[in-house]
2 protein chains.
Amino acid sequence: MAKTRWLTDEQQCVWRTYLLMSKRLNAALVRQMQADSELSIADFEVLVALTDTPEGRVRYAELARILTWEKSRLSHQVARMQKRGLVERRACTEDGRGAYVAITERGRKAIEQAAPKHVETVQQLVFDKLSDDEAKQLQAISARILEGLDCPD
Amino acid sequence: MAKTRWLTDEQQCVWRTYLLMSKRLNAALVRQMQADSELSIADFEVLVALTDTPEGRVRYAELARILTWEKSRLSHQVARMQKRGLVERRACTEDGRGAYVAITERGRKAIEQAAPKHVETVQQLVFDKLSDDEAKQLQAISARILEGLDCPD
DNA sequence: CCAACATTGGTGACACGTCAACTATTTCGC
DNA sequence: GCGAAATAGTTGACGTGTCACCAATGTTGG
């Protein structure tokens, strides 16, 4: 291996600040979600994806694609959510292998309650802190980093 | 609750791009660490903290403070790392309740091997993509968001 | 001194994510 | 058609993180 390009002091500072921010921001969102609703972030994402579809139901593989989750993760997650009555499995007549995930009334109620508080939290923790310019910069930087990121999806 | 301040389209775009980036960047780092070493990110963080101390050993509570981890998380983590010979527990003579976590030779070797590749990955995935200005912006934005973040530490 | 209280750390149950292996169905080449 | 390969989803084992509770030791006020 060639000589290591160690981080400069400035780079270390950038990197550690970013890491800390992203960890704490995420932790804060998890805490808020848990405090204000019966949902986890993962539950929330699944329910959002389901309400975004006209029928309120999607095939597993499609849902996994939307969320960019592994299929087995989705399988476990849906099994847990089903136990709590947030979603249902439905047989798929077109394809004997497949199945639908459908949102239930209880699931719909849960997300309708959770969404406003979650959005408000994002506003408070992120956008209230940043100028319009900074928000644009954050997007540009995120997009730049995303570009080269090989994602095995 | 007052009327919800929903996200504007631009805000949604910023937010989703940031979320995706931070998730994928993290996933890429985990993959690289797993591919190039026998360590997880958590292992790595613990070993870094240990090598940062002159003695190569720290009390549990202090280590938890350094990492801003919960004590029980650290306890589980150290137990697993101990099984793999990366760290040792040592009795604390000054305080019968306490204990030290100490890095082993095996642990030292592991981190010395893992660090260069990890740093190189951070360079490639982050700093090679960003101009100096963008790096500064990222730091400023992260710091800004961190400011108001109540952290229960 | 000794009874409350605080502190240090550990433990068990559970939620979550990944990986590898599996079953059942469909599709495709011949 | 039919057997091989692809596809849909499941399962079990394991690493990991959190929470609530526990044990042991130390500290402190009367």
Side-chain angles (χ1 to χ4, degrees), chain A residues 23-24 26-35 37-46 57-84 86-102 151-153, chain B residues 23-24 26-35 37-46 57-84 86-102 151-153:
Chain A
K23 201 162 67 170
R24 293 225 177 135
N26 196 58
L29 292 174
V30 168
R31 266 201 310 280
Q32 174 271 321
M33 185 74 81
Q34 199 156 36
S37 77
E38 301 294 320
L39 302 179
S40 69
I41 299 279
D43 298 333
F44 188 80
E45 287 183 66
V46 169
R57 72 192 166 91
V58 192
R59 290 284 297 271
Y60 272 79
E62 172 64 4
L63 187 48
R65 200 193 53 70
I66 293 172
L67 297 167
T68 54
W69 282 11
E70 297 207 353
K71 59 189 178 161
S72 91
R73 174 180 178 185
L74 182 58
S75 193
H76 285 305
Q77 178 70 34
V78 168
R80 287 186 297 258
M81 291 176 73
Q82 198 185 2
K83 250 191 268 180
R84 293 188 292 141
L86 299 169
V87 296
E88 291 175 343
R89 311 176 39 76
R90 293 214 191 123
C92 175
T93 48
E94 304 93 79
D95 188 332
R97 298 167 297 186
Y100 287 107
V101 188
C151 34
D153 307 329
Chain B
K23 201 163 64 170
R24 292 223 177 138
N26 196 58
L29 292 174
V30 168
R31 267 202 309 280
Q32 172 272 321
M33 184 74 82
Q34 199 156 35
S37 76
E38 302 295 320
L39 302 179
S40 68
I41 300 277
D43 297 333
F44 188 81
E45 286 184 67
V46 168
R57 74 191 164 90
V58 192
R59 290 285 297 269
Y60 272 80
E62 172 65 3
L63 187 49
R65 201 194 51 72
I66 292 171
L67 297 168
T68 51
W69 282 11
E70 295 206 353
K71 60 191 179 156
S72 93
R73 173 180 178 185
L74 182 59
S75 194
H76 285 304
Q77 178 69 32
V78 167
R80 288 187 297 259
M81 292 177 72
Q82 198 185 5
K83 252 192 264 180
R84 294 187 292 142
L86 299 170
V87 296
E88 293 174 343
R89 312 176 37 79
R90 293 214 191 123
C92 176
T93 48
E94 303 92 80
D95 188 332
R97 296 166 298 185
Y100 286 106
V101 187
C151 36
D153 307 330

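Excluded from the calculations below are hydrogen atoms, water molecules and symmetry mates; all remaining heavy atoms, backbone and side chain alike, are included. Quick note on labels: first sequence line is chain A, next is B, and so on, each numbered from 1.
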- Message: Please tell me if Ser75(A) has a side-chain N or O lying less than 4.0 Å from either OP1 or OP2 of dT11(D).
- Response: no
- Side-chain contact, heavy-atom cut-off 4.5 Å: Arg24(B) with Thr68(A)? yes
- Item | Distance in Å, Arg80(B) CZ paired with Lys83(B) NZ, rounded so as to fall on 0.5 Å steps | 8.5 Å
- Message: Are the side chains of Tyr100(A) and Arg59(A) in contact, using a 4.5 Å heavy-atom criterion?
- Response: yes
- Message: Just the rounded figure in Å: distance from C1' of dG9(D) to CG of Leu74(A).
- Response: 10 Å
- Task: Nearest 0.5 Å please: distance from the CG atom of Leu63(B) over to the CZ atom of Arg57(B).
- Result: 13.0 Å
- Task: Taking Ser37(B) for its side chain and Met33(B) for its backbone only, find out whether a donor-acceptor pair lies under 3.5 Å.
- Result: yes
- Item | Nearest-0.5 Å distance that lies between atom CD in Gln34(A) and atom OG in Ser40(A) | 8.5 Å
- Once you round it to whole Å, what is the distance between P of dT18(D) and CZ of Arg80(B)? 11 Å
- Item | Residues that Arg65(B) engages under side-chain hydrogen bond (donor to acceptor under 3.5 Å, both in side chains), provided they are two or more places apart | Glu62(B)
- What residues 59-67 of chain B contributes to the DNA chain C interface at heavy-atom separation below 4.0 Å is Arg59(B), Tyr60(B), Ala61(B)
- Query: Tell me, do Leu86(A) and Leu39(A) make a side-chain contact under 4.5 Å, heavy atoms counted?
  - Reply: yes
- Mind calculating the distance between CG (Asn26(A)) and P (dT18(D)) to the nearest angstrom? 11 Å
- Item | Whole angstrom value for the distance that separates C1' of dG9(D) from OH of Tyr100(A) | 15 Å
- Query: Can you give one letter per nucleotide of nucleotides 18-26 of chain C, 5' to 3': B if a protein heavy atom sits under 4.0 Å from the base, S if only from the sugar-phosphate, - if neither?
  - Reply: BBB---BBS
- What is the distance, rounded to the nearest whole Å, between atom CD of Gln77(A) and atom C1' of dT10(D)? 15 Å
- Whole angstrom value for the distance that separates C1' of dA24(D) from CZ of Arg89(B): 13 Å
- With a non-hydrogen cut-off below 4.0 angstrom, is Arg84(A) in contact with a base, only sugar-phosphate, or nothing? nothing
- Message: I'd like to check Gln77(A) versus Asp43(A) (side-chain heavy atoms, cut-off strictly below 4.5 Å). Are they in contact?
- Response: yes
- Interatomic distance, Arg24(A) CZ vs dG17(D) C1' [rounded to whole Å]: 17 Å
- Item | Value in whole Å for how far the P atom of dG15(D) lies from CD1 of Ile41(B) | 17 Å
